[in-house]
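Below is one structure; the comments refer to it alone.
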Amino acid sequence: MKILKIKNISKSFDKLKVLHKLNFEVKKGEFFSIVGPNGCGKTTILNILAGILVPDSGKIILEKEDITGKISGKLGYMPQKDILLPWRNVFDNLKLVTEVQENAANTNSLIKEYMKKLNLLAFKKFYPYQLSGGFIKRTSLARTLIYSTITGANVIMLDEPFSNLDAMTKYDLKMDLEKILREEGRTIIFVTHDISEAISISDRIVIFKKRPARIKKIFDLREMGKEGLEEKIMKNLKDEI
Amino acid sequence: MSQNITKKENKMKDLSLFLISLVLLLSAWEWSVNSGYLNIIFFSKPSSILHEFLNLLKSGELINHLTITLQEVFIGFFIGIFAGIGMGLLFRWKQTLAKIFLPYIQFLYSTPYVAIVPLLMLWVGIDLFFKIASVVIAVLPIMTIQTYEGTRTVEKDFVNLLRSMKFSNFQIVKKVALPSSLFFIFTGMRLSFGRAVVIAIVAEFQASTAGIGYLIQYSAQTFDTTKLLVGVFIISLISVLIIRLLVALEKYIIKWHPS
Ligand SMILES: Nc1ncnc2c1ncn2[C@@H]1O[C@H](COP(=O)(O)OP(=O)(O)O)[C@@H](O)[C@H]1O
Ligand SMILES: [Mg+2]
């Protein structure tokens with residue numbers, strides 16, 4: 001079942017054409033990856049989905065509702081930049097997303113649950129400047145998951161969640177993330193510039209080509225398997241550059 | 001650990017250097033007056049100043065002047081701070097308002113603020129209200145500009161993230177913009193406290209029957225240099241102490257800084 005439809009989305013910044021008539025659909029419960037070189041417009045499409053950016057043309061349909069240019073609040077979003085509030089410790093940073101409604105129900109147990117799942121309990125009282133890169137990503141990820149749980153957001157967007165991490169840290173975080181997502185059966189839109197990273201965790205992969213981003217092909221890993229896929233994708237990418 | 005100790009040692013060293021220079025300076029002053037190189041009528045001398053200070057303290061006269069001046073300073077300071085922070089946030093929140101009104105605030109900030117005192121006196125009379133208004137004029141523009149600039153440092157991506165989570169503009173200001181501009185706000189408070197004291201004294205020069213500014217002005221007219229200097233020193237000392245207090249408060253509140 002399709003949960004999210006991206007129809008003919010185009011976007012330019014002044015004269016810079018970034019997205020050109022993008023069309024793709026995301027199925028419920030799948031791990032969907034967007035892969036493309038730096039600067040091809042991956043973050044831009046996520047911002048459009050979140051409603052922060054308005055597309056020049058096209059439509060976004062989420063569960064039959066037209067959310068084009070609207071902030072639906074129904075998509076969890078882990079931004080590419082590591083942004084935590086420097087004056088709040090880990091727990092209070094997570095608490096932030098529960099404060100949209102000032103008199104929200106007690107959410108402390110939910111926050112604890114996700115701190116446990118992401119190995120953050122020992123860092124509860126740490127301020128962002130005291131955290132290593134990996135734990136900043138973990139906090140940022142936990143924030144998105146908690147938000148999505150509270151609001152019942154069915155789609156979670158992760159913008160390069162493993163970037164700027166060393167190999168070991170990346171591996172640990174990836175393991176934990178996969179475990180959580182498999183358990184919870186969420187729909188994921190995962191953005192990365194790393195093809196092999198995408199191949200290792202995705203159900204389907206869409207390739208964006210550099211500006212303006214267009215889609216040539218969507219690779220379904222459940223149909224075609226992972227064998228030799230990286231070369232195929234690389235070739236597909238190079239064809240048009 | 002050892003770094004902390006050397007830091008402390010350095011501080012002690014700096015302090016003792018300062019104290020030595022102070023004692024030397026005061027002794028030289030005292031000696032020059034006693035031996036007739038400086039005229040006591042124009043320069044007074046440290047021992048007389050201390051003596052006069054104790055006299056004024058005992059009679060309650062000093063406390064009386066000080067209370068009046070500090071009252072003007074503090075009431076004006078707090079009104080200026082809160083109004084300035086409010087305006088700074090409002091301008092950041094509603095950019096159109098900033099475009100219309102900020103230039104006036106900037107103009108007010110760059111005028112030599114004491115020049116406005118006589119005009120203000122014409123407008124609002126010579127009472128307590130006049131002095132408070134003067135202080136507000138000195139404080140408000142700095143606080144508005146500092147808050148407005150401070151909120152510029154807000155991470156745009158963070159604001160976008162919160163918007164995507166349906167936080168209201170007001171919540172974003174309260175939870176992100178205000179806390180991230182605290183550093184600028186404290187700097188503004190330190191800068192404007194000095195201005196607040198200056199303008200209160202100037203306003204008292206203009207028209208008053210009590211206050212440190214009055215004490216200084218009156219003593220000058222009667223050639224009582226000793227009393228005049230008691231006034232100058234006591235208000236300087238208190239300003240320095242309060243600014244120190246503000247710095248300590250800032251360190252206490254902004255404790256998430258790695259430094
Ligand atoms: N707000 C903006 N204004 C102008 N140009 C932008 C803006 N956001 C992104 N861009 C440009 O659009 C292109 C795509 O950016 P982005 O979506 O961040 O790429 P990616 O996430 O794939 O690395 C880049 O060339 C970037 O410089
Ligand atoms: Mg990006």
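- Within 6.0 Å of the NZ atom in A:Lys70, the count of heavy atoms belonging to other residues, nucleotides or ligands exceeds 12.
- In terms of heavy atoms, A:Leu85 sits closest to B:Lys175 at CD1-O, 4.0 Å.
- A:Thr151 places none of its side-chain heavy atoms less than 4.5 Å from the side chain of B:Lys166.
- Rounded to the nearest 0.5 Å, atoms CZ (B:Arg163) and OH (A:Tyr77) are 12.0 Å apart.
- Rounding to the nearest 0.5 Å places CD1 of A:Ile52 at 8.5 Å from CG of B:Asp157.
- For B:Gln171 (side chain) and A:Glu99 (main-chain N/O), a donor-acceptor pair under 3.5 Å exists by modelled atom type.
- For A:Phe13, the CZ atom counts as densely surrounded, since its 6.0 Å shell holds more than 12 non-hydrogen atoms of other residues, nucleotides or ligands.
- For A:Lys95, the NZ atom sits in a packed shell: over 12 heavy atoms of surrounding residues, nucleotides or ligands are nearer than 6.0 Å.
- Within a 6.0 Å sphere centred on OH of B:Tyr109, heavy atoms belonging to other residues, nucleotides or ligands number 12 at most.
- Between A:Pro79 and B:Phe158 there is no side-chain heavy-atom pair separated by less than 4.5 Å.
- Rounding to the nearest 0.5 angstrom, the gap separating the CG atom in A:Leu96 from the CE atom in B:Met165 is 7.0 Å.
- Annotation: A:Asn8, atom CG; neighbour count of heavy atoms from other residues, nucleotides and ligands within 6.0 Å is above 12.
- Neither the backbone nor the side chain of B:Ser168 comes within contact range of chain A; no heavy atom of the residue lies under 4.5 Å from a heavy atom of that chain.
- Using a 4.5 Å cut-off between heavy atoms, B:Leu162 contacts chain A through its side chain alone, with no backbone atom that close.
- Closest heavy-atom contact between B:Glu155 and A:Ile83: CG-CG2, 3.4 Å.
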